[in-house]
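Note that this is a predicted model, so its numbers are computed, not measured. In each ligand, atom 1 is the first atom listed, and ligand 1 is the first ligand listed. Values below: every heavy atom of this structure, side chains too, minus hydrogens, waters and symmetry copies.
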Amino acid sequence: MSVHDPNCIFCKIIAGQIPSRKVYEDDELFAFHDIDPWAPVHFLIIPKRHIASMSHLTTADEGWMGRLMVLAPRLALEQGCNPYPEGGFRMVCNTGAEGRQEVQHLHWHVMGGPRPWARG
Ligand code: AMP
Ligand code: ZN
């Protein structure tokens, strides 16, 4: 699988070819605000390498995937989610057609903030 897919909207966001509101970036991970938020806080965390979905992960991905999970609660607080347990956040990773995945570049939704939310 190639590192970047020239037809992928999230690869274009990582490359700066499509504008985004960046939340975080390191060598392997990129986070940016969702363009159609469901909640007061709604951002996406993605691997910089083009990986189509969670179904494509192998044991070689355990490192950055673990880092992504540990990074998420830190970014959630930084972006305005309230602390656990009264606050918290929701993480969703839609996978495949029946999982309602629309963009075919693996992404974790992180949603939080005071209720009510627009959706979810
Ligand atoms: P899904 O594939 O259904 O898990 O969701 C894809 C998400 O990507 C949706 O919540 C969209 O609002 C979001 N999205 C699509 N295009 C952009 C973009 N250019 N910038 C930020 N978020 C986007
Ligand atoms: Zn991509």
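Using a 4.5 Å heavy-atom threshold, the side chains of S55 and T95 count as touching. Annotation: side chain of R67 is in contact with side chain of D26 (closest heavy-atom distance under 4.5 Å). A heavy-atom distance below 4.5 Å is not found between the side chains of E102 and N94. Counting heavy atoms from C-beta on, the side chains of M65 and L68 come closer than 4.5 Å. Between H105 and C11 there is a side-chain heavy-atom pair separated by less than 4.5 Å. Between L44 and F32, the closest side-chain pair of non-hydrogen atoms falls below 4.5 Å. Contact annotation: the side chain of Q101 approaches that of S53 to within less than 4.5 Å [non-hydrogen atoms, C-beta and beyond]. At least one side-chain heavy atom of I51 sits under 4.5 Å from a side-chain heavy atom of W64.
Under 4.0 angstrom from ligand 1, there are no non-hydrogen atoms of F43. Within the 4.0 Å heavy-atom criterion, the part of F32 lying near ligand 1 is the side chain and not the backbone.
Heavy-atom proximity to D36, at under 4.0 Å, picks out these atoms of ligand 1: 12 (O). Atoms of ligand 1 found under 4.0 Å from any heavy atom of I13, numbered from 1 in the order shown, are 18 (C), 19 (N), 20 (N). Shown in contact with H33 at under 4.0 Å from a heavy atom are these atoms of ligand 1, numbered in order with element: 21 (C). Listed by number with element, the atoms of ligand 1 under 4.0 angstrom from any heavy atom of H107 are 1 (P), 2 (O), 4 (O), 5 (O), 6 (C). Contact atoms of ligand 1 toward F10: 8 (O) (distance under 4.0 Å to a heavy atom of the residue). For ligand 1, the atoms sitting less than 4.0 Å from at least one non-hydrogen atom of R100 are 3 (O), numbered in the order shown with element in parentheses. Short contacts between ligand 1 and H109, defined as distances under 4.0 Å to a heavy atom of the residue, involve ligand atoms 1 (P), 4 (O), 5 (O), 7 (C), 10 (O).
In Q17, the CD atom is crowded: over 12 heavy atoms of neighbouring residues, nucleotides or ligands sit closer than 6.0 Å.
Compare I9, D34, N94 by their heavy atoms: the one nearest to atom 11 (C) of ligand 1 is in D34. Compare H42, R119, E102 by their heavy atoms: the one nearest to atom 2 (O) of ligand 1 is in E102.
Taking the Zn ion (ligand 2) as reference, the nearest N/O/S atom within H50 carries the name ND1. With respect to the Zn ion (ligand 2), H105 has ND1 as its nearest N, O or S atom.
Heavy-atom distances between R21 and ligand 1 stay at or above 4.0 Å for every pair. Residue V92 places no heavy atom under 4.0 Å from ligand 1.
Proximity of the aromatic rings of F89 and Y84 is defined here by a centroid distance below 6.0 angstrom, and this criterion is not met.
For the 3.5 Å distance criterion, the side chains of H42 and H109 qualify, holding a donor opposite an acceptor.
One of the N, O or S atoms belonging to C8 lies under 2.8 Å away from the Zn ion (ligand 2).
Here's the thing with V103: one of its N/O atoms is less than 3.5 angstrom from an N/O atom of ligand 1. An N or O contact shorter than 3.5 Å links I35 to ligand 1 by distance.
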